[in-house]
Amino acid sequence: MLEEYSNNRFEDYIYTAQNGEQYDFEALVSEIEKLESELGQYDSDSDEGMKQFSHFWEIISAYYKYYEESGTRLARLYKQLVDVRTEIARLNGYNDFAQYSYALDNKDYSTEATRQLYADVKENIVPLYKILIKNGAMENISLNLEDNEIIEIVGEGIDDISSEMKAAYDYMFSNNMIDLAYSPEKVGNGNAYTIWIPEYNTPYTFISPEKNNDIWKVSSLIHEFGHFNTQLYDPNNRDGFNDTLYINSVDLSEVNSQGLELLFTEYYDKIYDINASKAYMYTICSMLDSICSGCLYDEWQTRVYENPEMTIEEMDMLFSELCKEYGIEMGGLPYVWTQVPHNFENPMYYISYAVSAIAALEIWDISIDSRDEAIDKYMRLSAFGDYAPFRASILAVGLNDVFDKETTENIADTVENHFTCGYEDVDMESWYAGPIYLTSKYMQPVDNTHFEPESSATRLYTVDCLGRYYELCGGNTDGFAGSFIDTDNDKYAAWAQETGIIKGYGDNIFGSYDALTREQAAVMLFKYAGNIGNVSYGKNESIMQFGDSAEISEWAYDAISWAVTNGIINGTDEGLLMPKSELTRSQLAQLMTNFMKNCEDFLD
């Protein structure tokens, strides 16, 4: 049955579109991604635009049809597997296959323990995960770095953590024990793994990055090296090692990789530069995703194996319900779980990603106050290798039991405190928590524990934010004189004046502590982009559709047009631009976040 699943997962699926083009499943996915990226370029009222939209929905419909037809076929196969595995479990003295699978994998915890973990995760982790996803935490971050530069920077971080690990890292590359480069000919783009090759007595790492998905490539290199290092030094991996006598602890193995990823957040400023905060959010959200998806698949499989009489329709309904409970978006596709090979080939596997991510996040939590202590616990845990029992090992190095409710509660508190920057007046669930975090390196609070998100952003405060942002981008703001008499010799005001970003009111008055309006903010960003970078723009006549477009000052019209075109300023729900409204500090954080996201190339 497993061979049948492997052979039939994408069995002979070919869709012929109305334009005559033929697509297999992977080609459908690629076409959808391509069309989604192009949709904004077409006018829906034009013939070309209508043709493009029609083709897009045709391909989407074919994609859904594939899942309906293929999913039904594979779900029936899964039902047969459940029946066979249930019989095997009962013949071996177990009530259901979930319990039997845990025993086969030598897990030192029970399905009863994970049942409580499901509830703890839904209460403490899922709400934070949903917020980070909503804030775009999983979006790609592009790097202007070649592979050799990435390898060098990661190597420096490895050396800072452990010279012994650096020796393993150098060994990996000097002996060509890794394949990292992107190639469209590579199998399994978006996949990575590390295996032990007994004939050569060494691990080998294969990484097949997606094109332009740079943060995934960096994360995968760090993650897989965590596996590589542990396997290389594992005392069980030796000549004559008989792996039938040992059972690999996937749970422990993943802590070695996920824990290293989290320790590496210390070096994100060097790797990701101005996007370090965004990369940090991506990494933490990835860990929360591992917890939520790991519990999702484990709870679903456990409940199916405990109730083997379920029909495939009931299985699918249960999966949809659990997706909602764990905040996992699957697009409403029927039988989407049939496209996850582990459900067929490695049952009850996903819980390992969840429990390991919890332990890894605790190492991260410790590193915030004591990095040396966190590294020590990580290195001691890594020294156990891949064959030690998970629960006993994490307790042995002084980590908390992942099945203790207080563990997930503490992690949730740390995640929330980190992404609200410790500000008492910023709620994680507020719309502005994400923008305030992403701009925290250059938007200063009023004190260590307060940001005052609803207070007005002053003109001088905004200029200071732009100056600090420019410095983070590698610019120099020193050595400018300036002539304003009301800026308290602020160096950023002098820099902004001499570079033409600001002019003031006349008579050397800038109005430092006046509240900034939305149109004034647009002008500052517009001039920053034009004077500091190399930006071209066109007037966006569509701004005339906003109900208050006539209120835009003549001197601000080009800037507002540019800001709307580039997604920096968006209208209100009522269809207004509100150009003369005062900008709050939280709204300024949103504008700067939009600027960072949509205008990354201005300084190139």
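Values below: every heavy atom of this structure, side chains too, minus hydrogens, waters and symmetry copies. Just so it is clear, the structure is predicted and the values come from calculations on it, not from any experiment.
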>> Can a side-chain donor-acceptor contact be found between Asp120 and Thr408 if the only test is distance below 3.5 angstrom?
In response: no
> Between Tyr305 and Phe97, how do the two ring planes meet: parallel, tilted or perpendicular, split at 30° and 60°?
Replying inline: tilted
> Aromatic rings Tyr171 and Phe228: how do their planes relate, parallel, tilted or perpendicular, breaks at 30° and 60°?
Replying inline: tilted
> What distance separates Ser220 OG from Glu210 CD, expressed to the nearest 0.5 Å?
Replying inline: 9.5 Å
> Side chains of Tyr169 and Asn229: is there a donor and an acceptor less than 3.5 Å apart?
Replying inline: no
> Quick one: CG on Leu74 to CD1 on Ile312, what's the gap to the nearest 0.5 Å?
Replying inline: 10.0 Å
> Do Gln590 and Asn594 meet the criterion of a side-chain donor-acceptor pair at a distance under 3.5 Å?
Replying inline: yes
> So, do Ser70 and Thr338 sit near enough that their side-chain heavy atoms are less than 4.5 Å apart?
Replying inline: no
>> Within the structure provided, determine whether Asn124 and Ile411 are in side-chain contact (heavy-atom separation under 4.5 Å).
In response: no
> Under a 4.0 Å N-O cut-off, is there an ion pair linking Glu139 with Lys278?
Replying inline: yes
>> In the structure I gave you, are the side-chain heavy atoms of Asp386 and Trp196 within less than 4.5 Å of one another anywhere?
In response: no
> Are any of the side-chain nitrogens in Glu299 or Arg115 under 4.0 Å away from the carboxylate oxygens of its partner?
Replying inline: no
>> With a 4.0 Å cut-off on N to O distance, would you call Arg85 and Asp96 a salt bridge?
In response: no
>> Once rounded to the nearest 0.5 Å, what's the spacing between atom OG1 of Thr593 and atom CD1 of Ile568?
In response: 11.5 Å
> Are Tyr102 and Asp298 close enough, and set up right, to give a side chain to side chain contact (heavy atoms under 4.5 Å, CB included), and what steps lead you there?
Replying inline: CA-CA 11 Å; Tyr102 272 34; Asp298 197 74; 2.8 Å; yes
> Counting N and O atoms only, with roles assigned by atom type, does the side chain of Gln258 sit under 3.5 Å from a partner on the main chain of His223, one being a donor and the other an acceptor?
Replying inline: no
> In terms of the angle between their ring planes, are Tyr118 and Tyr326 parallel, tilted or perpendicular, with boundaries placed at 30° and 60°?
Replying inline: perpendicular
>> In terms of relative ring orientation, are Phe526 and Trp562 parallel, tilted or perpendicular, with 30° and 60° separating the classes?
In response: tilted
> Side chains of Thr205 and His227: donor-acceptor distance under 3.5 Å anywhere?
Replying inline: no
> Going through the distances and angles, do Tyr268 and Ser277 end up as a side chain to side chain donor-acceptor pair (under 3.5 Å)?
Replying inline: CA-CA 8 Å; Tyr268 275 10; Ser277 295; over 6 Å; no
>> Does any part of the side chain of Val250, heavy atoms only, come nearer than 4.5 Å to the side chain of Phe390, both counted from C-beta?
In response: no
>> Which label fits Tyr349 and Tyr353: parallel for a plane angle under 30°, tilted from 30 to 60°, or perpendicular past 60°?
In response: perpendicular
> Is the NZ or CZ atom of Lys186 positioned over Phe206's six-membered ring, under 6.0 angstrom from the centre and within 45° of the axis?
Replying inline: yes
>> If we ignore hydrogens and angles and just use 3.5 Å, is the side chain of Asn19 paired with the main-chain N or O of Glu21 as donor and acceptor?
In response: yes
